[in-house]
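Step one of this worksheet: look at the structure below.
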Amino acid sequence: MKTFCGRANPTTGALDWVEESEEYDYHQEIARSCYADMLHDKDRNEKYYEGIRAAVSRVKARGERVVVLDIGTGTSLLSMMAVTAGADYCYAIEVFKPMAQAATCIVEKNGFSDQIKPTTNMLLTQVDQIVIIQLIITCLMELLSLAQAGCEAVPHRATIYAQLVESDMLWKWSQLQPIEMDGNKLLPTLAVVKCAGAPSVCDIQLSQVPPESFTPLGPICTMFSVDFSKPVSSTAQSYMAQFKAQTSGRAQVVLSWWDIDMDPDGNIVCTMAPSWNYSDPRSYPWRDHWMQSVYFLPAEENVSEGEELNLIVSHDDYSLWYSLTQSEQNDVKVAKFRPCCTCQAHLVWTRPRFGELNDEQRTESYVNALRSILKPDSVCLSVSDGSLLPIFAHLLGSKKGSSLENSGMAKQVIEQVLHANSLKHGVQLLEIRPEQLSLADLEGNQISVLMGEPYFSTSLLPWHSLFFWYCRTAVAQLLHPNATILPRAATLYIVAVEFRDLWRIRAPCGTCEGFDVSPMDEMIQQSLDYRESWEAEPHPLWEYPCRALTKPRPVMTFDFTQCVPEQPINSDGTVPFTG
């Protein structure tokens, strides 16, 4: 059955009504899943297989029947490994129905239907002996209650590691920095400075963060371990690592990752350490389904070389967070509440957005552009979400500045910045849509400078920022005949690349560790063909090294000095490969 769904168009700002199949969300979930990435992770697969063999052998050595519970089975690869290793029966749980159906096909195709039962039913009764062999699902703690005492778990444990560092590059993703401009210093609000920030983890490919971009202030610390063969408490807990500061600096950021031991003795280890922690970085097994993490301290703290420090990690059922104390404070107390944003800026601005606002070169480019066009009688209107451009224009001497804000929260954040810098009446903030703007809102003044970064919170892909063009068209009747549009135009470029690793998330697997998983390949391809292969997918490309196969090619230019044309813009051509 098909239904009409209202979807916000981030480029036009309009609500588009489109006919969608009821299976659309399923197809998108499948097309953008990490199944292929996990199956291409040879290090992970080999370590799991080795751990499963060892666990089955230990159970059999006790003379017990081996019944396996495979949690989050996906393709049932690990269940097939278990049966091949000698398990008597496997319950393969997969709550995502399309994947469970693919798992059933894969089990049948490989001849394991009599010993493996893929199911979406999580309400299993207790059985004599269970080997729990999947990881990283939200219901793990609840499902662990199904295990009898003495059960084997693969992986057996996970261990969290952390390192305290100073990093201006990473810290700029968390806090708004003071901005120097023509002898003026634009200061962040006290609320932002004192805010603990967003509670969500910043998971990234830490291998792509250059070691020269941070300074370790302490050693790599073992923070705590979780034993999956035992019941896991849901009570919030804290753990502490003590060490002496290796060098003086500003404690800002904690880099974190984890290892999993596939066996109780810790002889079979799958590590998520970044490549620069390897003696030979070339041996680093790339994976995108398990990455490293960056945690930001609530506030930066100065530390001195040789100073005794306590790095504390706390966790509840949902999150980890870190704090730092001095050595005399040896009692480890669980924080009553997870850190959360109290200034609203971390709810309005994403971490990449903080990075943009703190980019000195980027700011200098905007300021120089404004300086070249502003006059004492300029009436400026800014069209971007939570932008500092109208504040820059005011400091550069414009007659009047206004800014359209897409939400009350974004408006409040900019109001706080204005208040912190005694500019409360310097910029007029309007929480209205461009098509609703009137001359009365501008106190009868025509717009002589329309400006935008452009940046919009709804933009995921480069062309989504063309919403600025639609806004410019909506306010066309309010523009002075000689109005300046900044930016004047935008050009879309393309370049063909060969990714070193990212291709793994889409490449067919065929056979994995000797098992035929081609039904999964077919399922993903069907979902890609449904629509997803026609659409671009956003990725932070700096995290994924690649090699250019063509020269950058401009394919389309958009003239913002003119209104959006009524007819679609098209472009075609060829781009030669350079090697």
Side-chain angles (χ1 to χ4, degrees), residues 38-74 77-88 90 129-137 140-141 143-144 147-163 206-207 219-232 239 241 256-287 289-293 313 512-515:
M38 296 177 74
L39 294 179
H40 282 297
D41 188 345
K42 189 169 180 60
D43 177 67
R44 165 195 178 271
N45 298 337
E46 290 178 346
K47 298 291 176 57
Y48 259 108
Y49 210 165
E50 190 177 351
I52 289 168
R53 290 193 194 100
V56 171
S57 296
R58 288 193 298 272
V59 176
K60 282 187 171 294
R62 299 197 294 263
E64 299 173 0
R65 185 169 180 263
V66 182
V67 178
V68 176
L69 178 62
D70 182 1
I71 306 172
T73 191
L77 172 67
L78 304 186
S79 290
M80 294 187 292
M81 288 179 177
V83 170
T84 304
D88 296 291
C90 289
Q129 183 64 50
I130 302 175
V131 180
I132 303 174
I133 59 175
Q134 207 26 304
L135 189 63
I136 312 306
I137 63 168
L140 180 60
M141 292 184 180
L143 286 168
L144 281 170
Q148 292 280 24
C151 81
E152 300 283 348
V154 183
H156 181 81
R157 76 175 65 85
T159 302
I160 307 295
Y161 299 91
Q163 185 171 36
L206 203 51
S207 297
I220 296 173
C221 300
T222 302
M223 300 306 299
F224 70 96
S225 295
V226 177
D227 187 336
F228 296 118
S229 68
K230 300 176 182 178
V232 178
Y239 306 88
S256 184
W257 61 88
W258 48 283
D259 290 351
I260 48 178
D261 295 335
M262 298 297 183
D263 65 315
D265 296 331
N267 295 323
I268 310 168
V269 181
C270 186
T271 178
M272 266 45 76
S275 61
W276 40 257
N277 197 48
Y278 280 66
S279 56
D280 180 7
R282 292 172 299 180
S283 64
Y284 169 72
W286 184 88
R287 50 177 66 96
H289 55 97
W290 290 335
M291 292 195 291
Q292 302 82 34
S293 305
V313 60
C512 181
E513 300 302 315
F515 303 101

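One is the number of the first residue; the rest follow in order along the sequence. Quick caveat, the model's predicted, so the values are computed rather than measured.
Aromatic ring pairs are classed by plane angle as parallel below 30°, tilted from 30° to 60° and perpendicular above 60°; the pair Tyr278 and Tyr284 is perpendicular.
Residues passing the side chain to side chain donor-acceptor pair (under 3.5 Å) test with Ser225 are Thr159, sequence neighbours excluded. Applying the side chain to side chain contact (heavy atoms under 4.5 Å, CB included) criterion to Ser279, with sequence neighbours excluded, gives no partner residue. Qualifying salt bridge (Lys or Arg N to Asp or Glu O under 4.0 Å) partners for Asp265, counting only residues two or more places apart in sequence or in other chains: none. Here Ser275 pairs with Ser207 under the side chain to side chain donor-acceptor pair (under 3.5 Å) rule; sequence neighbours left out. Listed by chain and number, the residues in a side chain to side chain donor-acceptor pair (under 3.5 Å) with Glu46 are Lys42 (sequence neighbours excluded). Applying the side chain to side chain donor-acceptor pair (under 3.5 Å) test to Thr84 and every residue at least two apart in sequence or in another chain returns nothing. Partners of His289 according to the ring pair (Phe, Tyr, Trp, His ring centres under 6.0 Å) rule, which considers only residues two or more places apart in sequence or in another chain, do not exist here. Partners of Phe515 by ring pair (Phe, Tyr, Trp, His ring centres under 6.0 Å), not counting sequence neighbours: none found. The side chain to side chain contact (heavy atoms under 4.5 Å, CB included) test applied to Asp43 returns Asp41, Lys47, Cys270, Pro285, Arg287, not counting sequence neighbours.
Residue Leu206 comes nearest to Trp276 through the heavy atom pair O-NE1, 3.1 Å, listed as atom of the first residue, atom of the second, then distance. When all heavy atoms of Ala87 and Val56 are compared, the pair lying nearest together is N-CG1, 4.0 Å. Across all non-hydrogen atoms, the minimal contact from Ser229 to His156 is OG-CE1, 3.4 Å. The two residues Lys60 and Gly86 have their closest heavy-atom pair at CE-O, 2.8 Å. The two residues Met272 and Ile260 make their nearest non-hydrogen contact at CE-CG1, 4.1 Å. Heavy atoms only, all atoms of each residue included: Pro155 and Tyr48 are closest at CD-OH, 3.5 Å.
Here the SG-OH distance, from Cys221 to Tyr161, works out to 11.5 Å after rounding to the nearest 0.5 Å. Taking CG of Asp259 as the reference point, atom CZ of Arg157 lies at 11.0 Å (rounded to 0.5 Å). Rounding to the nearest 0.5 Å places CG of Leu77 at 5.5 Å from CG of Asn45. One finds the OH atom of Tyr49 at 13.5 Å from the CD1 atom of Ile268 (value rounded to the nearest 0.5 Å). The structure places OG of Ser57 at 11.5 Å from CD1 of Ile52, a figure rounded to the nearest 0.5 Å. In this structure, the separation between CD on Gln292 and CH2 on Trp258 is 10.5 Å, given to the nearest 0.5 Å.
Glu152 contributes no side-chain N or O that, together with a main-chain N or O of Ala55, makes up a donor-acceptor pair within less than 3.5 Å. Distance alone, capped at 3.5 Å, is enough to place a donor-acceptor pair between the Asp88 side chain and the Val66 backbone. In terms of modelled atom types and a separation under 3.5 Å, the side chain of Thr73 and the main chain of Asp70 share no donor-acceptor contact.
Annotation: side chain of Met38 is in contact with side chain of Arg44 (closest heavy-atom distance under 4.5 Å). Here the side chains of Ser256 and Met223 are not in contact, with every heavy-atom distance at 4.5 Å or above.
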Review point. Do Asn277 and Ile220 pass the side-chain contact (heavy atoms from CB on, under 4.5 Å) test, and can you show the C-alpha distance, the side-chain angles, and the key distance before you say yes or no?
Key: CA-CA 10 Å; Asn277 197 48; Ile220 296 173; 3.2 Å; yes
